[in-house]
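Please read the structure below before turning to the comments.
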Amino acid sequence: MGEAWYRLGMLLTLAAGVWEGPVAIVFRLFTDKAPTVLTAADYLPTPWCYVAAAGATIAALAVIVVLDAGHKRAIGRAR
């Protein structure tokens with residue numbers, strides 16, 4: 001993969017991780033909106049929705065770390 005694909009993957013993973021993590025918790029705590037596919041953690045009962053949101057955020061950060069390592073290798077190959 002080229003450098004741009006790694007950056008795009010990191011950006012999309014970050015957006016999904018933030019949306020499924022902290023944004024889902026904010027929707028749960030401060031709005032009366034019903035859960036949707038975009039905030040899937042909100043379908044779970046109260047203690048587990050926070051665990052799922054934190055897990056989604058941690059998983060997204062782990063994927064970003066892996067993509068960043070690949071990104072650095074791609075930059076090294078280009079030089």
Side-chain angles (χ1 to χ4, degrees):
M1 282 192 334
E3 178 185 355
W5 288 109
Y6 282 109
R7 288 186 182 195
L8 179 64
M10 286 190 292
L11 179 67
L12 293 176
T13 304
L14 177 67
V18 168
W19 192 264
E20 285 296 326
V23 172
I25 291 173
V26 167
F27 278 165
R28 177 73 173 235
L29 293 175
F30 301 114
T31 67
D32 293 333
K33 292 183 179 184
T36 64
V37 174
L38 295 175
T39 56
D42 288 344
Y43 281 111
L44 297 171
T46 300
W48 297 110
C49 67
Y50 304 119
V51 173
T57 303
I58 291 169
L61 290 176
V63 170
I64 288 172
V65 166
V66 170
L67 287 172
D68 187 44
H71 177 248
K72 288 178 182 174
R73 281 194 315 260
I75 289 174
R77 276 184 266 140
R79 291 181 181 173

Within one Ile-Leu-Val-Met-Phe-Trp-Tyr cluster: Leu67 and Trp19, side-chain cutoff 4.5 Å:
yes
Please answer: with hydrophobic residues joined when any side-chain heavy atoms are less than 4.5 Å apart, are Leu29 and Val23 in the same cluster?
no
Output a table of donor-acceptor pairs, distance under 3.5 Å, between side-chain atoms of residues 42-64 and any protein atom two or more places apart or on a different chain; print 'none' if there are none.
{"from": "Tyr43", "atom 1": "OH", "to": "Pro35", "atom 2": "O", "distance (Å)": "3.2"}
{"from": "Thr46", "atom 1": "OG1", "to": "Arg28", "atom 2": "NH2", "distance (Å)": "3.3"}
{"from": "Thr57", "atom 1": "OG1", "to": "Ala53", "atom 2": "O", "distance (Å)": "3.0"}

Which pair of heavy atoms, one from Tyr6 and one from Ala74, lies closest together, and at what distance?
CE1-CB, 3.9 Å
Taking only residues two or more places apart in sequence or in another chain, which ones pass side chain to side chain contact (heavy atoms under 4.5 Å, CB included) with Leu11?
none
When clusters are formed by joining ILVMFWY residues with side-chain heavy atoms under 4.5 Å apart, either directly or through shared neighbours, do Phe27 and Leu38 land in the same one?
yes
Sequence neighbours left out, what pairs pass salt bridge (charged side-chain N to carboxylate O under 4.0 Å, His left out) with at least one residue falling in residues 57-76?
Asp68-Lys72
Considering all heavy atoms of both residues, which atom of Thr39 and which atom of Glu20 are nearest to each other, and what is their separation?
N-OE2, 3.9 Å
